[in-house]
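All remarks here apply to the structure that follows.
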Number of protein chains: 2
Amino acid sequence: MMSPSAAKSLRETTATVSPSQTLSRGIQALEILASAERPLTIAELAGALGVHRSVAYRILRTLEDHSLLVRDDAGRVQPGPGLAVLARGVSRDLQTAALPELTQLANTLNMTAFVAVWDHQDCVTLVTVEPRHSAATLAQHPGTRHPVNTGAPGIAIQSTMSEEQWAARAPGLPYRPEAAEARRIGYAASHDEVIAGLSSLAAPIQVPGGRPAAIAVVYIRREQDQAAVGEALAASAARIESQLA
Amino acid sequence: MMSPSAAKSLRETTATVSPSQTLSRGIQALEILASAERPLTIAELAGALGVHRSVAYRILRTLEDHSLLVRDDAGRVQPGPGLAVLARGVSRDLQTAALPELTQLANTLNMTAFVAVWDHQDCVTLVTVEPRHSAATLAQHPGTRHPVNTGAPGIAIQSTMSEEQWAARAPGLPYRPEAAEARRIGYAASHDEVIAGLSSLAAPIQVPGGRPAAIAVVYIRREQDQAAVGEALAASAARIESQLA
DNA sequence: TGGATTTGTTCGATATTTGAACAACAAATT
DNA sequence: AATTTGTTGTTCAAATATCGAACAAATCCA
């Protein structure tokens with residue numbers, strides 16, 4: 001008699017088993033290091049984790065064994081190359097299928113092109129391609145988090161779901177009305193939303209057995225032929241999907 | 001007065017404190033998933049880890065909490081987007097400084113350009129840029145491991161050290177004679193070494209407080225002006241280093 | 001050269017993890 | 001349909017891995 005009237009089988013995140021304390025702390029250490037601006041001393045890391053220094057030391061040594069963390073000459077710690085190796089496995093098929101499409105788009109349109117996947121409240125950028133002559137990079141490096149409610153990729157992802165499906169999978173997050181329009185025309189648009197003067201367009205990608213994703217471009221707002229660009233994105237998304245099937 | 005001949009105190013890796021069992025297993029789980037070709041069931045993962053299924057279950061739940069792991073509709077597990085976020089922190093300054101140089105090189109030379117950092121026995125690729133019209137990608141995705149003894153980046157990294165320094169920092173690994181030549185001319189070359197018909201050139205990058213790295217190009221062997229390309233690499237490396245200082 | 005700061009080690013107490021057994025569910029199978 | 005087989009998810013006492021204080025040894029800095 002566990003589930004009283006359990007809203008069943010959407011693979012609910014019940015989370016009843018308690019997470020591993022040591023493993024949580026180790027991951028938390030990596031998260032702290034990833035968002036730190038400079039290498040940290042062990043004492044600083046211990047303080048940030050809220051654990052005894054000797055506990056941090058053991059965690060650190062373990063992470064170091066796997067190259068997830070390296071130390072400079074003074075013993076300060078920073079993220080290690082092993083993390084790049086692990087990240088290579090994230091949606092690997094999507095990454096490889098998207099890369100040629102992204103280079104194509106970036107260079108024919110002269111815009112920054114990228115692929116992002118949905119993760120809880122955010123979109124996470126996985127691959128980006130800059131155009132040939134990019135004066136300033138438009139700050140869409142791989143690993144960047146971006147609120148799913150802001151920008152074209154989020155709208156594109158919403159456009160693959162009905163409002164009910166969205167409410168079920170993203171409880172609490174509003175459903176943007178632009179999603180309906182995006183579903184109709186095949187791509188989503190966002191202007192001056194993240195940064196004033198910047199626009200982005202995105203088309204959704206459905207990954208079998210994976211998280212919803214989107215392919216997008218970002219550019220300095222100009223009088224472009226938005227429809228043409230959007231359709232190019234949708235075509236790229238379709239080719240990527242067909243390759244993933 | 002550091003240590004003239006005293007080879008000690010190079011921050012020896014004595015490793016006497018025992019690593020955390022749970023954390024090790026969690027990381028090992030991620031490594032298994034990253035190199036797996038398809039999503040794994042919990043039982044498969046438990047088997048690969050050599051632990052009881054319920055232990056794997058707890059680890060898995062913890063990793064899932066941090067988005068380092070996601071599950072498909074059938075409950076099978078695969079690497080999650082959180083890993084991309086963590087990887088963004090790896091040599092971040094190097095990544096951002098290198099990106100414009102890489103796009104420049106890739107498009108003017110029409111070759112795949114990338115940056116790799118030294119990690120134990122390997123070089124790990126961090127950032128890559130494909131040229132405009134890359135027929136087939138030359139398989140240098142970020143996160144790729146590559147033996148440090150094979151290819152131009154390894155030689156370039158060796159060229160920044162004397163044979164004694166290399167022996168101290170990479171015990172057991174041979175010192176390639178090409179390193180001396182590379183040190184003289186400022187870049188390293190490798191032909192038909194990794195894959196027959198492919199060549200690579202590389203110049204070393206010294207990252208203050210970080211691991212030795214290299215910027216490199218790979219291309220289909222042709223009668224190029226190797227010296228010109230090599231000098232372009234060395235110039236890029238110098239600009240990157242000056243930006244990191 | 002000293003003194004202050006940080007890293008690294010050891011070891012008993014205890015809180016965390018472990019693994020077997022069980023329950024629930026889904027998909028083939030007969 | 002009922003049965004089998006394969007999963008995932010839960011619980012709890014026992015075992016042990018982890019915790020944190022106190023100590024030793026480097027390293028930095030004025």
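Values below: all heavy atoms of this structure, side chains included; hydrogens, waters and symmetry mates excluded. Below, read A as the first sequence line, B as the second, and so on, with proteins coming before strands; counting in each chain starts at 1.
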Checklist entry - Does D:dC19 have OP1 or OP2 sitting under 4.0 Å from an N or O in the side chain of A:Gln21? => result yes
Item to check | Rounded distance in Å - CG (A:Leu23) to P (D:dT18) | outcome: 11 Å
Item to check | Side chain of B:Tyr57 - closest among D:dA17, C:dT9, D:dT10 | outcome: D:dT10
Next on the checklist: Rounding to an integer number of Å, can you tell me how far B:Leu49 CG sits from C:dT18 C1'?
Outcome noted: 14 Å
Checklist outcome for this item: Of the listed C:dA20, D:dC19, D:dT8, the closest approach to the B:Ser54 side chain comes from C:dA20
Next on the checklist: Please report the distance, rounded to the nearest Å, between CZ in B:Arg61 and P in C:dT18.
Outcome noted: 16 Å
Checklist entry - If you check every side-chain atom of A:Val17, which of D:dG20, D:dT10, D:dT7 has the closest atom? => result D:dT10
Next on the checklist: Return whichever of A:Arg76 or B:Val55 has its heavy-atom-nearest nucleotide of DNA chain C closer to the 5' end.
Outcome noted: A:Arg76
Item to check | Listed nucleotide nearest any side-chain atom of A:Arg58, set D:dT10, D:dT7, D:dC19 | outcome: D:dC19
Checklist entry - Between B:Leu99, B:Leu102, B:Asp93, B:Leu94, which is the residue that forms a side-chain contact (heavy atoms from CB on, under 4.5 Å) with B:Ile240? => result B:Leu94
Item to check | Per B:Ser20 side chain, nearest of listed nucleotides D:dT18, D:dG9, D:dG20 | outcome: D:dT18
Checklist entry - For the side chain of B:Arg53 and the base of D:dG9, is some donor closer than 3.5 Å to an acceptor across the two? => result yes
Checklist entry - Among the nucleotides D:dT10, C:dT16, C:dT7, which one has an atom lying closest to any side-chain atom of A:Arg71? => result C:dT7
Next on the checklist: How many whole angstroms separate atom CG of B:Asp73 from atom P of C:dA27?
Outcome noted: 11 Å
Checklist entry - Looking for any heavy atom pair under 4.0 Å, which part of the strands does A:Thr22 touch: base, sugar-phosphate only, or nothing? => result sugar-phosphate
Next on the checklist: Around atom CD of B:Gln121, are there more than 12 heavy atoms from other residues, nucleotides or ligands closer than 6.0 Å?
Outcome noted: no
Checklist entry - From D:dA21, C:dG19, C:dT7, pick the nucleotide closest to the side chain of A:Thr41? => result C:dT7
Next on the checklist: side chain to side chain donor-acceptor pair (under 3.5 Å), that's the test. Do B:Gln140 and B:Thr128 meet it? Break it down for me.
Outcome noted: CA-CA 7 Å; B:Gln140 269 294 344; B:Thr128 82; over 6 Å; no
Next on the checklist: Between A:Asp122 and A:Val124 (side chain of the first, backbone of the second, donor and acceptor by atom type, cut-off under 3.5 Å), is there such a pair?
Outcome noted: no
Item to check | 5′-ward residue of the pair A:Leu60/B:Ile59 relative to DNA chain C | outcome: A:Leu60
Checklist entry - Of all the nucleotides listed (C:dT7, D:dC19, D:dG9), which has the minimum atom distance to the side chain of B:Ile42? => result D:dG9
Checklist entry - What nucleotide, of C:dT7, C:dT18, D:dG9, holds the atom closest to the side chain of B:Arg25? => result C:dT18
Next on the checklist: Rounding to an integer number of Å, can you tell me how far B:His52 NE2 sits from D:dT16 P?
Outcome noted: 16 Å
Checklist entry - Can we say B:Arg38 and B:Glu44 salt-bridge, meaning some charged N sits less than 4.0 Å from an Asp/Glu carboxylate O? => result yes
